[in-house]
Visitor: 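Next up is a structure, given as structure tokens.
We name chains A, B, ... by the order of the sequence lines, and we start the count at 1 in each one.
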Amino acid sequence: MTIDTQQALFGFALRLGDTSLVLGHRLSEWCGHAPELEEDIALTNIALDLVGHARLWLSLAGEAEGQGRDEDRLAYRRDVFDYRNHLLVEQPNRDFGHTIVRQFLHDAWAVELYERLATSPDAGVAGIAAKALKEVRYHVQHSAEWVIRLGDGTAVSHAKTQEALDRLWPYTGEMFEADAASSALAAAGIAPALADLRATWAARVADTVAEATLTRPADGWMHKGGLRGEHSEHLGYLLAEMQFLPRAYPDAVW
Amino acid sequence: MYTQGLDSKADQGAQPSPRLVTDNDIRFQERIDAEEKIEPRDWMPDGYRRTLVRQIAQHAHSEIVGMLPEGNWITRAPSLRRKVALLAKVQDEGGHGLYLYSAAETLGVSRDELVEQLLAGKAKYSSIFNYPTLTWADIGAIGWLVDGAAIMNQVPLCRCSYGPYARAMIRVCREESFHQRQGYELMLALANGTAEQKRMAQDALNRWWWPSLMMFGPSDDQSAHSAQNMAWKIKRFSNDELRQRFVDATVPQAEFLGLTIPDPDLRLNAETGHYEFGAIDWSEFNEILKGNGPCNRERLEARRKAWDEGAWVREAATAHAAKRAQRHLKNVG
């Protein structure tokens, strides 16, 4: 299927916006419940950045679509099958180890992507990426440091973190999966081919995992479906909670 | 956010009255009278130190516990703009907790000791956070009323005689006044919104009004150690004075919103220019202090759960830091 650039921008911005929003939501669930005060502040701060990125991407998506949908319309009035986030980020927090591993696997990808998008010839895309890049560089530093602390901490923390890595690894393939939108933008030179991010992502992950004394899982079966709206059961509950007010009071402006 | 209940007679550890017995005591009071700031290494009476530790710790705990009722609505904020604002606000509160614990540490206690006291139920935090946040309008009401009351109390603390506390409060107050404006703006959107939104706003005002007035603590004639705290310039205005200021500032704001303050006795006294208000139900306040508020158990449970479930993470961080230090020593040696 071929699509025009505006349609491709819509799809791509939706994918990045949804992924940022869902991950920001998951992190915000920690607010007030983190293992220590510094982490409460850090996780909330990262959630804040991610929801900020989501606003920018969803606004761009709305403009590209040209149907008058703004960031809130897109965030609050779409059901599960219209969400385009990666399955990785909708996985539940479970414990701090799962949260940190999920974050690191995503952050390492986001840095690679935003570095390339920051030089995109599309000014809208480049502007968002340049802003987000400053923040995701800090995010990956934070999550990588925690992966190392937990992996190379106690026997308990090592085991929990390895378990999280093993459990979440099959969700990493989707981040590099091309869809019609990303392929069209890559062909137009607006975005990188996502498969090209894999080598540098894998190198960064391998370094951190090794420093954390953890074992990198083998690449086997990978879960897919987020890009065509086939999600895990977790996303429905997340959206039910997030969208409650605009759905319950459809005429209200907040 | 805020501290209260300090002046209740049940409080432990306060000095009943100033007894200027030593030269040190006299010199200390002279410095206070001259508006000099007391710094961590300066001599200070034990009672002054104890009062400050108790007050600053209570204030820090209130910030941390206060993250819970507001955090309750982050995942349900009705627009992305509101979500970002609420995340930023709750993050600010965590930051306030952090500087306040640091200010308390300058007086010779550790943050871990203070946190243990909180988790053991031995330390107080503002009772306002033992009320539930039931609708989105509660987030507006907390910003407008609770942060508004906190500011009334905290602006004078920027001139507190103890330097580290006064300096922490300058930053805290700047952020709180931003939160208060944000809360009011949220209420305004509801008050100007649909009939259902307006109902939500009125309901929140009904539930938060009286607890906000109680935040200033017992009335002056019931207050155990205001006089000593005033002499030490830890406190600058009495509970009743501050409460009156809050009522005078807030009633016109409610009128502008088109909301009704839930007090049939409220009226403007044309002669004094002040609003007179009805009697506060102190029995409710006292029950909450005793642990019988609607959310006392939930709040402490949530803090304990976070602490207990985070133990393996903190242990990992400590173990890793030790391993790193050892490797560093080996490399250097």
Visitor: Below 4.5 Å, heavy-atom pairs only: which of B:Gly95, B:Ser79, B:Gly310, B:Ala319 has the largest tally toward chain A?
Guide: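 It is B:Ser79.
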Visitor: Out of B:Ile64, B:Thr75, B:Leu186, B:Val90, which one racks up the most heavy-atom pairs below 4.5 Å with chain A?
Guide: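 Of B:Ile64, B:Thr75, B:Leu186, B:Val90, B:Thr75 has the most heavy-atom pairs under 4.5 Å with chain A.
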Visitor: Counting only non-hydrogen atoms closer than 4.5 Å, does A:Leu58 touch chain B with its backbone (N, CA, C, O), its side chain (CB onward), both, or neither?
Guide: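 Side chain of A:Leu58 only, per the 4.5 Å heavy-atom cut-off to chain B.
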Visitor: So for A:Phe244, is it side chain, backbone, both, or neither that comes closer than 4.5 Å to the heavy atoms of chain B?
Guide: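 Contact with chain B involves the side chain of A:Phe244 alone.
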Visitor: Between A:Leu21 and chain B, with a heavy-atom cut-off of 4.5 Å, which part of the residue counts as in contact: side chain, backbone, both or neither?
Guide: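 When you check distances to chain B, only side chain atoms of A:Leu21 fall under 4.5 Å.
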Visitor: Nearest 0.5 Å, please: how far is CH2 in B:Trp312 from CG in A:Asp95?
Guide: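 Between atom CG of A:Asp95 and atom CH2 of B:Trp312 there are 5.0 Å.
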Visitor: Is the closest side-chain heavy-atom distance between A:Trp254 and B:Arg81 below 4.5 Å?
Guide: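 A side-chain contact under 4.5 Å is absent here.
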Visitor: Please determine if B:Lys83 and A:Asp72 form a salt bridge, counting it only when a charged side-chain N lies under 4.0 Å from a carboxylate O.
Guide: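 So B:Lys83 does not pair with A:Asp72 through a salt bridge.
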Visitor: Answer whether the closest heavy-atom distance between the side chains of B:Val313 and A:Ser157 falls below 4.5 Å.
Guide: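 Contact flag for B:Val313/A:Ser157 side chains = no.
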Visitor: Just how far is it from atom CG of A:Leu50 to atom CG of B:Leu87, taken to the nearest 0.5 Å?
Guide: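 Separation between the atoms: 10.0 Å.
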Visitor: Is there side-chain contact between B:Met200 and A:Tyr249, with at least one heavy-atom pair below 4.5 Å?
Guide: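 Yes. Closest side-chain heavy atoms under 4.5 Å.
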Visitor: Relative to chain A, which of B:Arg303, B:Lys305, B:Glu309 shows the most heavy atom pairs under 4.5 Å?
Guide: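 So the answer, after comparing B:Arg303, B:Lys305, B:Glu309, is B:Arg303.
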Visitor: Taking the side chain as every heavy atom from C-beta outward, state whether B:Val84 and A:Arg55 have any atom pair closer than 4.5 Å.
Guide: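 Yes, close enough: below the 4.5 Å cut-off.
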Visitor: Counting C-beta onward and ignoring hydrogens, is there a side-chain heavy-atom pair between A:Glu36 and B:Arg314 closer than 4.5 Å?
Guide: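 Yes - at least one pair of side-chain heavy atoms lies under 4.5 Å apart.
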Visitor: Under 4.5 Å heavy-atom distance to chain B, tell me which part of A:Trp146 shows up: side chain, backbone, both or neither.
Guide: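 For A:Trp146, side-chain heavy atoms alone lie under 4.5 Å from chain B.
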Visitor: Heavy-atom distances under 4.5 Å only: say whether A:Ala252 touches chain B with side chain, backbone, both or neither.
Guide: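 Answer is both: backbone and side chain atoms of A:Ala252 are under 4.5 Å from chain B.
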Visitor: Where does A:Asp40 contact chain B at under 4.5 Å (heavy atoms): side chain, backbone, both or neither?
Guide: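 For A:Asp40, the contact with chain B is made by the side chain alone.
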Visitor: Without swapping roles, check the side chain of A:His33 against the backbone of B:Ala306 for a donor-acceptor pair under 3.5 Å.
Guide: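 Not confirmed, A:His33 side chain does not pair with B:Ala306 backbone.
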